[in-house]
Novice: 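Have a look at this one before I ask anything.
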Amino acid sequence: NTDIQLELRFMDYGKGDLLLLARDVSKVHRVEEMRRDFVANVSHELKTPLTVMRGYVEMIQADGSSLAPHWQQAIDVIEGQVSRMDRLVEQLLVLSRVEVNTDDEIKQVLNVPEILQQLLKDAHWLNQEKKHAISAEIADGLGILGIDTEIKSAFANLLSNAIAYTQEGGEILVSWQRYGSKAKFTVKDNGPGIRPEDVNRLTERFYRVDKSRSRNTGGSGLGLAIVKHVLHHHNAELVISSRWQQGSEFSIVFEENSVTSV
Ligand code: ADP
């Protein structure tokens, strides 16, 4: 039966004895696949009503001069919530896409210094309110093999989190360096930090350390779950080191076989 998936594990009992453990994981995989499909379908179905709602909200806003101030305010709140839901649906669709293993995708040579220059320019807009001092140390000529959109979104996610969660006027350092024979991208901030018990759970779907703070920043708790899956495709690792009330450092370490010169 080709539907059965077995997980095999050899255990060494010494003196040349081996124990073979076989576990039937087909059901686990099937349930996981159903969950993924369900989330993807629901998210997809939500897109149309959201687009319709946005259309009407924009129509009312365009004619805003005839609205009493309290209705104007109500429409602005609805617009904000529609945008938030839009982002959430978009992230759920991205997550269900990257959760599927795509090992066989062709990897391109990515010019990371160029990608990061663009990212820093874009961050300027995100940073207008918080006015952090953002600095960068970027190694020239250091690239990787990867999937363009996925890697850009992983880098962008770590930087936008640092901007969002660090209190106003903070310091953020973005760096891209050789790391032995590997390569490492890091975003370091002097923000609120994360308690050790939360650090290991950050990449779970919908996990947010401080729900109210996160909601204020428009966060959904899906960003790092997406990053984790993207990095899994790239044979790269997310390393988080954080000290409560002192700051955090989020790094992505790319294995030697992904590193290339550009
Ligand atoms: P969200 O959409 O809520 O930002 P993420 O998955 O990107 O979701 O992040 C999960 C949680 O990790 C956030 O809600 C936040 O509490 C915490 N977090 C992420 N980055 C930082 C950071 N640089 N400093 C402090 N907390 C952070």
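Model, not experiment: these values are computed from the prediction. Every number for a ligand or one of its atoms is a count from 1 in the order of the listing.
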Novice: Which atoms of ligand 1 have any heavy atom of R208 under 4.0 Å away?
Specialist: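 Listed by number with element, the hits are 3 (O), 14 (O).
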Novice: If you measure every N/O of L224 against every N/O of ligand 1, is any gap under 3.5 Å?
Specialist: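 N/O-N/O distance under 3.5 Å: yes.
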Novice: Below a 4.0 angstrom heavy-atom separation, can you tell me which part of T166, side chain or backbone, both or neither, approaches ligand 1?
Specialist: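 Under 4.0 Å from ligand 1, T166 contributes no heavy atoms.
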Novice: With heavy atoms of N157 as the reference, note each atom of ligand 1 found under 4.0 Å away.
Specialist: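 Those of ligand 1 that fall under 4.0 Å from N157 are 7 (O).
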Novice: Angle between ring planes, W176 versus F185, binned at 30° and 60°: parallel, tilted or perpendicular?
Specialist: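 Judged by the thresholds at 30° and 60°, the geometry between W176 and F185 is tilted.
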Novice: When you measure from the side chain of H229 to the backbone of L95, do you find a donor-acceptor pair of N or O atoms at a distance under 3.5 Å?
Specialist: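 Between the backbone of L95 and the side chain of H229 there is no qualifying donor-acceptor contact (under 3.5 Å).
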Novice: Does I163 offer a backbone N or O that forms a donor-acceptor pair with the side chain of H132 under 3.5 Å?
Specialist: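 Indeed, once roles are kept as given, a pair shorter than 3.5 Å links the two residues.
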Novice: Looking only at heavy atoms, which two atoms of A154 and V227 are closest? And how far apart?
Specialist: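 In terms of heavy atoms, the two residues are closest at CA-CG2, 4.0 Å.
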Novice: List ligand 1 atoms under 4.0 Å from G221, heavy atoms only on the residue side.
Specialist: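 Near G221, the atoms of ligand 1 are 1 (P), 2 (O), 3 (O), 6 (O), 8 (O).
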Novice: So, does S251 use its side chain to make a donor-acceptor pair with the main chain of V187 at under 3.5 Å?
Specialist: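 Checked: no pair found.
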Novice: Show me which atoms of ligand 1 lie under 4.0 Å from any heavy atom of Y207.
Specialist: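 Answer for ligand 1: 10 (C), 11 (C).
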Novice: When you look for heavy atoms under 4.0 Å from ligand 1, do you find them on the side chain of V227, its backbone, both, or neither?
Specialist: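 No part of V227 comes within reach of ligand 1.
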Novice: When you look for heavy atoms under 4.0 Å from ligand 1, do you find them on the side chain of I194, its backbone, both, or neither?
Specialist: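 For I194, the contact with ligand 1 is made by the side chain alone.
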Novice: Does either side chain, that of S220 or that of R84, offer a donor lying less than 3.5 Å from an acceptor on the other one?
Specialist: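 Judged by distance alone, the side chains do not pair up.
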Novice: Any luck finding a side-chain donor-acceptor pair between D122 and Q118 under 3.5 Å?
Specialist: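 Short answer, yes.
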Novice: Return the option from A225, S248, G223, S220 holding the heavy atom at the smallest distance from atom 2 (O) of ligand 1.
Specialist: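 The residue whose heavy atom sits nearest atom 2 (O) of ligand 1 is S220.
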